[in-house]
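Every chain is numbered from 1 and lettered A, B, ... according to where its sequence line falls, protein lines coming before strand lines.
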Amino acid sequence: MEISSKYDPSQIEGKWYQWWLDNKCFHSEPDEREPYTIVIPPPNVTGILHMGHVLNITLNDVLIRRARMDGKNACWVPGTDHASIATESKVVAKLKARGISKEDLTREEFLKYAWEWKEEHGGIILNQLRKLGASCDWDRTRFTMDPDLSDSVIRTFVYFYKKGLIYRGVRMVNWDPVGLTAVSDEEVIHRDTKSHFYHLRYYISDGQGHPTDKYLVIATTRPETIMADAAISVNPADERYGWLKGKKVLIPLINREIPVIEDSYVEMDFGTGCLKVTPAHDVNDYEIGLRHNLPVIDIIDDHGRLNENAVILVGEDRLVARKKIVKMLEEAGNLEKVEEYTSPVGYSERTDAVIEPKLSTQWFLKMDQLAGMALESVESGKVKLIPDKYRNTYRHWMENVRDWCISRQLWWGQRIPAWYLPDGRYVVETDENKALAAAQAIMPGITAGDLVQDEDVLDTWFSSWLWPISVFDPSKPGDSKAEGNADLKYYYPTNDLVTGPDILFFWVARMIMAGDEFMGEEPFRNVYLTGIVRDKLGRKMSKTLGNSPDPIDLITEYGADSVRIGMLLCSSAGNDIFYDVSQVEQGRNFCGKIWNSYRLVSGFNVDEALPQSEACAAAVKWFSNKLAQAIETVEDHYSKFRISDALMTIYKLFWDDYCSWYLELVKPGFGQAIDKATFDATIGFFEDLLKLIHPVMPFITEELWHAIRPGRESDTIMYAPTPKAGACDAAFIDAFELAKETVAGLRAVRNQKGISPKEGLQVKVKGAFPAELLPVVAKLSNTASLEVCEDFGEASGASFMVRTVEVFVALNVNVEEEIAKIEAQIEYQKSFLEGVRKKLSNENFTAHAPEKVVAMERKKEQDSLSKIESLQSQLSALKNK
RNA sequence: GGGCGCAUAGCUCAGCUGGUUCAGAGCACCUGCCUUACAAGCAGGGGGUCGGCGGUUCGAAUCCGUCUGCGCCCACCA
């Protein structure tokens, strides 16, 4: 049957994925084998595949497939994350498009829509992972809001509450006035934003609430918050403002009297040295307010509009109010001047709204104790970060961690299990019945109807930090008495985690905390941190820029194998990946190369009676050594998570060594047959190569593994044992390099002298050339006669030097030309020798350099001397003619 | 502003404890080939004072200092 020279993945990839599914190839159950476990970094349930996933998932898949072929019980648990903010905002947007506002819905109605959306879109990304070839154990697919996983989250909350680590506190949070939720510091993006620096006059009060003619000037970027001012602060060391001590000033426009206080926080040389203190709307001001017992006047509502406390401009959006108040201040004569000013402003990562610092009551989890444990886990090396440059960053974060604000003003997520009594006290229990019982204990006679559950839900990470535990046994987290089921005991801790450095703290560190707390053991041994996928210009892939290709389109065009190896060949750990289509093209080319080498091998005619030629025997010997050597290198790279290096080693082994050298050597001439021994070896090598390639290119390798040897219908390369490195004869490999160089030299002679490749050469070799490899050189260079001799004799021809070997090609050559060439070579050798001798005559060198290095120099000297000698005798032979 | 890291070929990166695996790989580029597996290919080839400047050393891409440029994290001077 004719096999097309073009490889067509569309005929192959889907077929094999289905076959693997049908034959339960991905499924794992505890048994006596050693487990190798990975939990997927759960993608957002409503997300769609992007290039970052491709990188991450492929790396995960390479690791799990390798482990599986190594005979481990490999288990890769897939799943999705409910991603409270991201999903909720998508649902809100979708409802809005249908003319429905979230505010018009009850919590239950909204959640019904949200679940519908989840059911509709939740499977998309998982299906996309299958197209990529992800060998997840789909029977174990989990979702962070599965009922039992949600239970474990609630139980965990109660656990930490009862342990005294969860508390309710008033805190300045980052308020997203569009998303109507508090967002964590990490979800705020600071961008330099052009604004203005308004210099405002605050008149000194006469004590009766009337302005005097004296005033001070403050500089602010937020004039709309003056109505919330609680004081003016100056630095106590600032001599300019000594006279202000004990004075009161009047807030412009509303004439409210506020004190002048002194606080060293104020920088004397910034602005005017006077700071308006607005505790309700600025984090630092809040801290100052605490120190000086200042009132907190909150003038901005949840939507970012001024409220009644503002007295003026009530109901205006804060940004609109800013413009209006500037005009009012100007008219009132309080605006001294306006400067252009660029300052960092916080924006919501999710909604891009300007973040409003806002005081609110939130739930917090104390971090110091947990962070201490998690720091120790990494410092001690129990968890290894790859690359380990992230250890510094990790330490810095853990040592400066702040308490974790775990409440979110959303509906999509696990609702906080706190119930309020009518008097404001509250109880924290896992369910309403227990809450009622607890409430009755402190307020007898209370009924279920009197209790009101907290409206907020928990931060998404508060569920995903349990992931490596809860996917196996959701009953474990938060229950110190729970034994843990068989799965948990077998699979926990997992082995490796592959994820992006951007969630090192959000997720990785917190998983370590949860693991330490609930299991007494870290959830994984190695954390491989990938880079961020960027475009060719170094920009982050983003929807708005439109610079992110759809991975599914790429897979359709090039095939998953090409996309996988294309991404991985150039991705070293921790380095960002600059994605370009050419990488995937390289992957496609590699597929083509593999495919065509199969076409060649499958077309061999075997002649059982044919004896193995010397050249073939040498080729087989060489490649088996080369293979052993490469396998060892590959294992070393993998063990250090140098995935791209491992793949490049395999790539070159296949392309350069197997195809360009080995197959060229053993392939029979047109119409001729191959001997049995060489053929068997060739197929065997091919299989080993397929197995090495399989973890990164699962589809084409599965196809060819079946094609190359019939009778494997019920089997899969997925479980074929990884080839192990055998003994490797490095000296032979080195000798073969000599043969390669000789072949290259002979080709060069042909080019130079214009000799057709079909015309046989007469070649003599002088020096330590292994006789075993003469047939190799002869075959590859079409040499009619090749012998090792002591002396080149009288014949004229071209010669060249290959390391320790001199090669002489019998030709009719221009003697003059040849003489000139040899003389030039002698000149070069002489100057080289001079350099070496200069080095050797340096006593400092011979005294300080290691013996090995000195010996090397001496050898250079000797080699050079003998080369010169040989060249000179050649020269005189030529001259005698 | 504080901390961490990076700078090697046009691009992406290797280069471990200073010295023969030290100037490398892949891609891109140039030249010649539609040679019987493969033009998505084959055979050749060019290309880097290892960011600048100092220092240590017999010897520095490698160690130290410094400058310049870049990246990330933390904090956000109103």
Side-chain angles (χ1 to χ4, degrees), chain A residues 3 5-7 185-186 188 190 197-198 218-222 225 233 265-278 282-285 288 341 343-346 387 389-397 399-400 501-502 504-505 532 536 538 558 562 566 569-572 574-580 582-583 585-604 640 642 644-645 647-649 651-652 655 659-660 663-664 667 669-671 734 744 747-748 750-751 757-758 839 842-850 852-857 859-860:
Chain A
I3 311 161
S5 71
K6 297 278 183 273
Y7 170 64
D185 290 347
E186 291 82 359
V188 179
H190 292 273
F197 217 14
Y198 302 95
I218 61 101
T220 180
T221 53
R222 301 204 57 190
T225 64
S233 180
Y265 167 79
V266 183
E267 299 277 339
M268 286 184 276
D269 51 6
F270 187 83
T272 62
C274 290
L275 170 69
K276 73 189 220 26
V277 184
T278 320
D282 184 278
V283 185
N284 296 303
D285 291 12
I288 297 172
Y341 186 64
S343 64
V345 173
K389 66 178 178 185
Y390 284 107
R391 275 178 61 163
N392 287 330
T393 325
Y394 182 86
R395 184 186 320 112
H396 190 257
W397 192 75
E399 283 171 350
N400 297 287
D502 47 335
L504 180 58
F505 309 131
I532 293 163
K536 222 180 164 181
Y558 295 97
S562 304
L569 269 176
C570 62
S571 62
S572 48
N575 283 336
D576 287 354
I577 285 79
F578 296 86
Y579 169 79
D580 185 67
S582 68
Q583 289 152 20
E585 283 170 358
Q586 192 185 351
R588 176 201 57 191
N589 295 355
F590 190 44
C591 282
K593 190 69 185 175
I594 297 172
W595 185 253
N596 280 302
S597 61
Y598 162 72
R599 287 177 62 220
L600 173 67
V601 170
S602 67
F604 284 165
K640 292 174 180 140
R642 304 171 67 138
S644 59
D645 288 338
L647 298 186
M648 186 48 72
T649 306
Y651 178 89
K652 286 195 283 192
W655 199 307
C659 293
S660 296
L663 286 181
E664 287 303 327
K667 85 175 174 194
F670 185 66
D734 192 49
R747 280 182 189 153
R750 277 185 197 278
N751 280 345
K758 285 175 186 154
K839 201 168 185 183
N842 181 343
E843 279 178 28
N844 280 323
F845 174 71
T846 45
H848 292 97
K852 207 177 85 184
V853 177
V854 178
M856 205 68 74
E857 290 298 318
K859 189 170 180 299
K860 272 189 204 168

Over all atoms of both residues, closest heavy-atom pair of A/Ser5 and A/Arg599
CB-NH1, 2.9 Å
Side chain to side chain, A/Thr393 and A/Phe505, heavy atoms closer than 4.5 Å:
yes
Stems where RNA chain B pairs, listed by first number, each of three or more Watson-Crick or G-U pairs under 3.5 Å
B:1-7 with B:68-74, B:10-13 with B:24-27, B:29-33 with B:41-45, B:51-55 with B:63-67
I'd like to check A/Ser233 versus A/Tyr265 (side-chain heavy atoms, cut-off strictly below 4.5 Å). Are they in contact?
no
Could you work out, with ring-ring contact (aromatic ring centres under 6.0 Å, His included) as the rule, every residue matching A/Tyr198, not counting sequence neighbours?
A/His196
Of the nucleotides B/C4, B/A37, B/A78, which has the atom closest to the A/Lys667 side chain?
B/A37
Which nucleotide in B/G5, B/A37, B/G2 has an atom nearest any side-chain atom of A/His396:
B/G2
Please state whether the phosphate of B/A14, meaning OP1 or OP2, lies under 4.0 angstrom from any side-chain nitrogen or oxygen of A/Arg642.
no
A/Lys6 vs B/C38: side-chain N/O to OP1/OP2 distance below 4.0 Å
no
Checking understanding here: a glycosidic angle within 90° of 0 is syn, the rest anti, so what is B/U21?
anti
Nearest-nucleotide pick for A/Asn392, side chain only, options being B/C74, B/C4, B/C38
B/C4
Within a strict 4.5 Å, meaning less than it, do heavy atoms of the A/Asp285 and A/Leu275 side chains meet?
yes
Nearest to the side chain of A/Asn284, which nucleotide is it out of B/C77, B/C38, B/C4?
B/C77
Treating primed atoms plus P, OP1 and OP2 as sugar-phosphate and everything else as base, which nucleotides of nucleotides 20-29 of chain B get B, S or - for protein heavy atoms under 4.0 Å?
B----SSS--
So what does A/Thr221 touch, heavy atoms closer than 4.0 Å: a base, only the sugar-phosphate, or nothing?
sugar-phosphate
Using the C1' atoms only, state how far B/C22 lies from B/U62, rounded to an integer number of Å.
10 Å
Closest to the A/Tyr265 side chain: B/A40, B/G19, B/C77?
B/C77
For atom P, what is the distance between B/U8 and B/C70, given to the nearest Å?
14 Å
What's the gap between B/G41 and B/G26 when it is taken at their P atoms, as a whole Å value?
14 Å
Which nucleotide in the set B/G41, B/A14, B/C58 lies at the smallest distance from any side-chain heavy atom of A/Phe845?
B/C58
If I pick the P atom on B/C53 and the same atom on B/C13, what distance separates them, to the nearest angstrom?
25 Å
When you measure only distances, ignoring hydrogens and angles, does the side chain of A/Lys389 come within 3.5 Å of the base of B/C4 through a donor and an acceptor?
no
Distance, P atom - from B/G48 to B/G24, rounded to whole angstrom:
12 Å
Same-atom distance (P) from B/C64 to B/C6, integer angstrom:
11 Å
Can you find a side chain N or O atom of A/Lys276 that sits less than 4.0 Å from OP1 or OP2 on B/C77?
no
Could you tell me which non-hydrogen atom of A/Ile218 sits nearest to which non-hydrogen atom of A/Cys274, and how far apart they are?
CG2-CB, 3.4 Å
Assign A/Cys591 to base, sugar-phosphate, or nothing according to its heavy-atom contacts below 4.0 angstrom with the strands shown.
nothing
Take the angle between the ring planes of A/Phe590 and A/Trp655 and call it parallel below 30°, perpendicular above 60°, tilted in between.
parallel
Calculate, to the nearest 0.5 Å, the distance between atoms CZ and CD belonging to A/Phe578 and A/Gln583 respectively.
10.5 Å
C1'-based separation of B/G47 from B/C11 [nearest Å]:
13 Å
Heavy atoms only: give me the nearest A/Arg222-A/Thr225 pair and the separation to one decimal.
O-OG1, 2.8 Å
Roughly how far apart, to the nearest Å, are B/A78 and B/C4 at atom P?
25 Å
Check whether any side-chain N or O of A/Arg395 sits under 4.0 Å from OP1 or OP2 of B/C74, and answer yes or no.
no
Heavy-atom pair of closest approach, residues A/Gly271 and A/Ala219
CA-CB, 4.3 Å
Return the nearest nucleotide to the side chain of A/Glu267; candidates are B/A40, B/A37, B/C77.
B/C77
